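One structure is given here, and the rest of the page talks about it.
Protein chains get the first letters and strands the later ones, always in sequence-line order, with residue 1 at the start of each. Remember, predicted model here, so these are calculated numbers, not experimental data.
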Number of protein chains: 2
Amino acid sequence: MAEVSDEVFSERKRGSGVKLVYEMLRDEILTLALAPGKPIDEVHLAERFGMSRTPIREALVRLAGEGLVETLPNRSAIVANIDFSKLHTFFDAITLMYRVTTRLAGQYHQPEDLKVIRAHQARYAAAVAAQDPLAMIAVNRDFHAAIAEAGRNPYYTALTLRLLDEGRRILRLYYQSFNDRLPQEYSDEHNAIIAAIEARDTDLCDRLAREHADQIVRQIRQFFGRDMRQDVPL
Amino acid sequence: MAEVSDEVFSERKRGSGVKLVYEMLRDEILTLALAPGKPIDEVHLAERFGMSRTPIREALVRLAGEGLVETLPNRSAIVANIDFSKLHTFFDAITLMYRVTTRLAGQYHQPEDLKVIRAHQARYAAAVAAQDPLAMIAVNRDFHAAIAEAGRNPYYTALTLRLLDEGRRILRLYYQSFNDRLPQEYSDEHNAIIAAIEARDTDLCDRLAREHADQIVRQIRQFFGRDMRQDVPL
DNA sequence: TGCATTTTATTTGTCGACAAGAAATCGACA
DNA sequence: TGTCGATTTCTTGTCGACAAATAAAATGCA
């Protein structure tokens, strides 16, 4: 078990403890630094972050609320497992959310939204050019999150964020195992989506978002389809 | 401020405390027994439920995760406000979720799903016949939640549940102020939806769900539109 | 040796207490 | 009398400790 070096933070501000633990654990879960199914020991974390169990506990409860950790009564919480048998529901949902949020972004976006979206896309292109999967995955999430924000429907935004986060783990698994080079196409599709949003062509937004989602889903489904067949012994 | 009688529960099982507080607070929030914006005092709740602040706190964190309470740093948590300025995003989202989940229910439902759905619909019809708005509102939520479950997409189900809960507060406000009699139409529409699901006619499911949502939205929007104009002084 | 049972150990759930931060109260001063 | 500042009060955020519940180890027995 890889043991991280002691991270003792001295004299934090009151109330910053939970946020720190929450964000750090969240990032470690989404980058697969913490493997799905791994037990999470509260006292261990308390020692690692140099604080009491109380704020650790609150962070875990929050993460459990987002479905990132699973808690069993009187037993250790564990990093949420990825349910491959329900992967198709994930693909369904994220395709719909890509479509809806991009469409709404085309309808409701304001000038400064586009600046934010473009900034993320620039970072995305840079990550692809640098062949940095981890950065690409994180920025991809930020890119679509910014589009969802521009659509200005908090309910859609919330679900989209949840799906994008789950997607980070799936994409990480994908690029980790496959070790494929990062394709340029997605970056081009992002640019086309930006153009459609700026032109306020909602139907085009919808179509491009759907095609974008379909392409990613097709590629990943193909990979995991192979992988899952391997998991079934005969 | 109406003070509830002391509810001291003796010798609860370990771990049941948070669940109790969570469910009770949740219900009081959704039935508007606790007014939106009302501050929530932890020690007060601790005394009321006869337990320490720790489980109360955990319940509040969970409710905050669902958007039912809002927490401010070093300040009292408050019952989440209903943002009337974003009501249209709520209508948008619940209409889409009605359509998607009902369509999926038509596609993926199993025999026992229909039994559950029908049972809820029977309770719904009874509540309408008895002109009991509170029961009708709660059962309406259960009815559509059961349909979402039958659709077997946990992401859609989660968003639908959140919207249905928020809808409970809005409907309560509606029937509380308007004091309208409960219409029979919704019950008939529910029966039509059940028939479409059973027939596995996904397109009909979609259309009926949309019409069902549109009708409710139209009625409520009309009411709140009036009400909101009153809030704007000239 | 293999299995059931008791004992130990580990980890969570809850508690009471204390300190920090913000709101409310009080008081000084113009 | 009104305003600004200090003080008090009130509420939350965090801590350390203890007990319940589960898991692991040890023991007894066939």
Between L45(B) (CG) and dT11(D) (C1'), how many Å, whole number?
-> 13 Å
With D142(A), the side chain to side chain donor-acceptor pair (under 3.5 Å) member among H120(A), R123(A), Q121(A) = R123(A)
Side-chain contact test, heavy atoms from C-beta onward, threshold under 4.5 Å: evaluate it for L60(B) versus E42(B) and give yes or no.
-> yes
Could you please name the option among dC18(C), dA17(D), dC15(C) that lies closest to any side-chain atom of R53(A)?
-> dA17(D)
Per atom distances to the P55(B) side chain, the nearest of dC18(C), dC15(C), dT22(D) is dC15(C)
Figure out the CD/C1' separation between E47(A) and dC15(D), and round it to whole Å.
-> 15 Å
With sugar-phosphate meaning primed atoms plus P, OP1 and OP2, does L60(B) contact a base, only sugar-phosphate, or nothing at under 4.0 Å between heavy atoms?
-> nothing
Could you check whether I40(A) gets within reach of a base, just the sugar-phosphate, or nothing at all, counting any heavy atom under 4.0 Å?
-> sugar-phosphate
Take the protein atom CD1 of I56(A) and the nucleotide atom P of dT11(C), then report the distance between them rounded to whole Å.
-> 15 Å
Would you kindly give the CD-to-P distance between E70(B) and dT12(D), to the nearest whole Å?
-> 15 Å
Check the side chains of E58(B) and Y22(B) for a donor-acceptor pair under 3.5 angstrom, ignoring hydrogens and angles.
-> no
Find which nucleotide of DNA chain D each of R14(A) and K13(B) is nearest to by heavy atoms, and output the residue with the more 5' nucleotide.
-> R14(A)
Here the distance between atom P of dT12(C) and atom CD of E58(B), to the nearest Å, is 13 Å
Can you find a side-chain donor-acceptor pair between E166(A) and Y155(B) that sits under 3.5 Å?
-> no
Rounded interatomic separation in angstrom, taking CG from D41(B) and C1' from dA22(C) | 14 Å
CD of E42(B) versus C1' of dG16(C): gap in Å, rounded?
-> 15 Å
Tell me which nucleotide among dG16(D), dC18(C), dG21(C) gets nearest to the side chain of T54(A).
-> dG16(D)
d(CG, N74(B); C1', dG21(C)) in whole Å | 5 Å
Using only side-chain N and O atoms of R75(B), determine if any of them is under 4.0 Å from OP1 or OP2 of dT11(D).
-> no
N140(B) side chain reached by R168(B) side chain, heavy atoms, under 4.5 Å = no
